[in-house]
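What follows is a set of notes on a single structure, which appears directly below.
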Amino acid sequence: VPLQAYLLLAAVVFGLGLFGVLTRRNAVGILLGIELMLNAVNINLVAFSRFHGNVAGMLFALFTIAITVAEVAVGLAIVIVLFRVRKTIEADHLDLLRG
Amino acid sequence: VTAEVLGFWVMAVVLVAASLGVVLTPNLFHAVLYLAAALVATGGVFLLLEAAFLFGVQLLLYAGGVVTIVVFAIMLTERLVGETIVQSSRYLFNGAVLAVAVFVGVAGFLVSRDVATARPPWSGDATVAIGRALVGPYAVPFELLGALLVVALLGALYFARTED
């Protein structure tokens, strides 16, 4: 399987994640879309790493995974606080900062 | 058809189908389960790329950790509101156009370039190489990552604490 196949697969997943982020109303749904996009990036990193025989890409994938875990933890904490305060996690209703 | 080609197509189909499920299913809980499937399929892709260590990390941290806390968050919010959250989508057409445009841009760029088609032989175990790099040239980013995780943990605790 050539490198391009892996990169195209990652591009498909990234596009689907972007679609989810753009269309979901629920804040948790948007977070899930972001997860998909970050996952696609990891596929790219590991594929390039393997096909160039350089381990640096795998390390970056490892770092991305750890950062994503931190991002999800903080993101969900914010979602729970929002829910407690505003009783909704519909992104459209959370427009307090809109000018 | 070699085992690698077969494995790649199986993983690709599962990954794309699960991703579609994540962005399209109306039930948020089901979306999280589809996300778990997509993350496991990504781990399979890592295995095909001979990154066994990353496969383990993916299963433990992502499919295990992330999915668990998302399920927790959904259950907490559902308990607070006392009903099942049904989520809907908006701007379906615009979102699809933009996502397809991004995909076509990336794919067009990829197809127009010459990229490596054959893998160089992997000298030694990738896990050993990752371990050596983490305590060698990448030691500082690795430590910073530890600091980031502590900061994120404290921040999440601070946000989610009960007011009293």
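Here is how names work: the chains are called A, B, and so on, in the same order as the sequence lines, proteins then strands, and each is numbered from 1. This one's a predicted model, so the numbers in the text were calculated from it and none came from an experiment.
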Atom group of [X] that falls short of 4.5 Å from chain A, counting heavy atoms:
| X | value |
| --- | --- |
| B:V106 | side chain |
| B:R132 | neither |
| B:L145 | side chain |
| B:L92 | both |
| B:L20 | both |
| B:V32 | both |

For [X], is it the side chain, the backbone, both, or neither that has a heavy atom closer than 4.5 Å to a heavy atom of chain B?
| X | result |
| --- | --- |
| A:A56 | both |
| A:F48 | neither |
| A:L31 | neither |
| A:L9 | side chain |
| A:L59 | side chain |
| A:A5 | both |
| A:L62 | both |

Legend entry - Polar side-chain atom of B:T68 near backbone of B:G64 as donor-acceptor pair, under 3.5 Å: yes

Inset, instruction - Look at the aromatic rings of A:F63 and A:F60 and report parallel, tilted or perpendicular, splitting at 30° and 60°. - result: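 Answer is tilted, since the angle falls between 30° and 60°.
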
Inset, instruction - Would you please go through residues 9-18 of chain B and name the residues with a non-hydrogen atom below 4.5 Å from one of chain A, in numerical order? - result: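 The stretch touches chain A at B:A12, B:L15, B:V16.
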
